[in-house]
Protein chains: 2
Amino acid sequence: MSDGPRSGAERRRDTEHRLAGDVDLWVATASADGVPYLVPLSFDWDGEALLLATPTDSPTGRNLASGRTVRLGLGLTRDVTLIDGEVEIIEMDALRAEPGDRFAARTGFDPRALTTPYRWFRVTPQRIQAWREADELSGRELMRDGRWST
Amino acid sequence: MSDGPRSGAERRRDTEHRLAGDVDLWVATASADGVPYLVPLSFDWDGEALLLATPTDSPTGRNLASGRTVRLGLGLTRDVTLIDGEVEIIEMDALRAEPGDRFAARTGFDPRALTTPYRWFRVTPQRIQAWREADELSGRELMRDGRWST
């Protein structure tokens, strides 16, 4: 897969490509007393933040609401982007129609249409890392404190 | 991908196939105060437990040592196996040669050869879930309290 390590600019381009086009990612959360949870979810990306939706009363929904911090994995285990983000809770009926429609069109899943109580969670990346193989571990940090470094 | 939902027996077979043959998985851990962490790691499987290795002083190494609980994701976001496991810490030189050799052969990575301090972490599954698409959410639990239910 590798022709030598990618530059920071290449990794940012590949990461933004995934954010713009992938449908699913891995969502790692934790309870207040330190029990980890992990589940795949669909997402949308508006250029600044990711939009997730999950049942209010699921482990992920409860952890996101209490901890307000999340770590997301995009891509494959040997072509990974990892995002540490801050979480904003948005009640289902409080989101404008347009981002909700975008989410439903991209993911094929409209949480506004369900009887199970769902919430939106808007995740703003604070730190982003991306690497493929061991030769890319150096230079893997692409964003720090919410700012792209490349 | 789907010809209707798989049976429990099919999901167990597919899960054991992944455990026996895959090289990498997603490792979700949490700090004692509830900060989630996620990273891809290589693993081996001896039929009863997974063997991982990571630096003692990495976030994952610290979280595994303090929390003794982990949630692992194998496969793809739409063909997933999730494992909640209990963690046993094994110091590098305390593991017998044979499982260490197996790990190195399978993963192409021998943590015994490094100067950075690493530890082994043996993860015994307590709960296993597997599903592909929404039609497989029912019946996704394959193991509970450490026992296969199928």
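In what follows, every chain begins at residue 1, and chains take the letters A, B, ... in the order their sequences are listed. Atom set for the values below is all heavy atoms of this structure, side chains included, hydrogens, waters and symmetry mates excluded.
- Taking CG of Leu76(B) as the start and CG of Leu76(A) as the end, the distance is 7.0 Å to the nearest 0.5 Å.
- For a residue to count as touching a neighbouring chain, one of its non-hydrogen atoms must lie under 4.5 Å from one of that chain's; by this rule Leu74(B) touches chain A with the backbone only.
- Ranking Ser66(A), Pro36(A), Gly67(A) against chain B, the residue ahead of the rest is Pro36(A), based on heavy-atom pairs under 4.5 Å.
- Phe109(B) and Trp45(B) are not part of a single hydrophobic cluster, where members link through side-chain heavy atoms under 4.5 Å apart.
- Leu82(B) is listed as a side-chain neighbour of Pro40(A), based on a closest heavy-atom distance under 4.5 Å.
- In this structure, Ile83(A) is not a member of the same hydrophobic cluster as Phe103(A), with clusters built from ILVMFWY side-chain heavy atoms closer than 4.5 Å.
- Both Met92(B) and Leu95(B) belong to a common hydrophobic cluster when Ile, Leu, Val, Met, Phe, Trp and Tyr are linked at side-chain heavy-atom distances under 4.5 angstrom.
- Of the two parts of Val70(B), only the backbone, made up of N, CA, C and O, holds a non-hydrogen atom closer than 4.5 Å to a non-hydrogen atom of chain A.
- Interface residue Leu38(B): backbone and side-chain heavy atoms are both found under 4.5 Å from chain A.
- Within 6.0 Å of the CD atom in Glu48(B), the count of heavy atoms belonging to other residues, nucleotides or ligands does not exceed 12.
- Looking at every heavy atom in both residues, Ala28(A) comes nearest to Ala28(B) through CB-CB, 4.2 Å.
- Only the backbone of Ser31(B) comes within contact range of chain A, judged by heavy atoms closer than 4.5 Å.
- Under a hydrophobic-cluster definition in which Ile, Leu, Val, Met, Phe, Trp and Tyr are linked whenever side-chain heavy atoms come within less than 4.5 Å, directly or via other members, Tyr118(A) and Tyr37(A) are assigned to different clusters.
- Residues passing the salt bridge (Lys or Arg N to Asp or Glu O under 4.0 Å) test with Arg13(B): none are found, sequence neighbours excluded.
- Summarising the geometry of Thr107(B) relative to Arg78(A), their closest heavy-atom pair is O-NH2, 4.4 Å, with the distance given to 0.1 Å.
- Leu25(A) touches chain B through its backbone: at least one of N, CA, C or O sits under 4.5 Å from a heavy atom, while the side chain does not.
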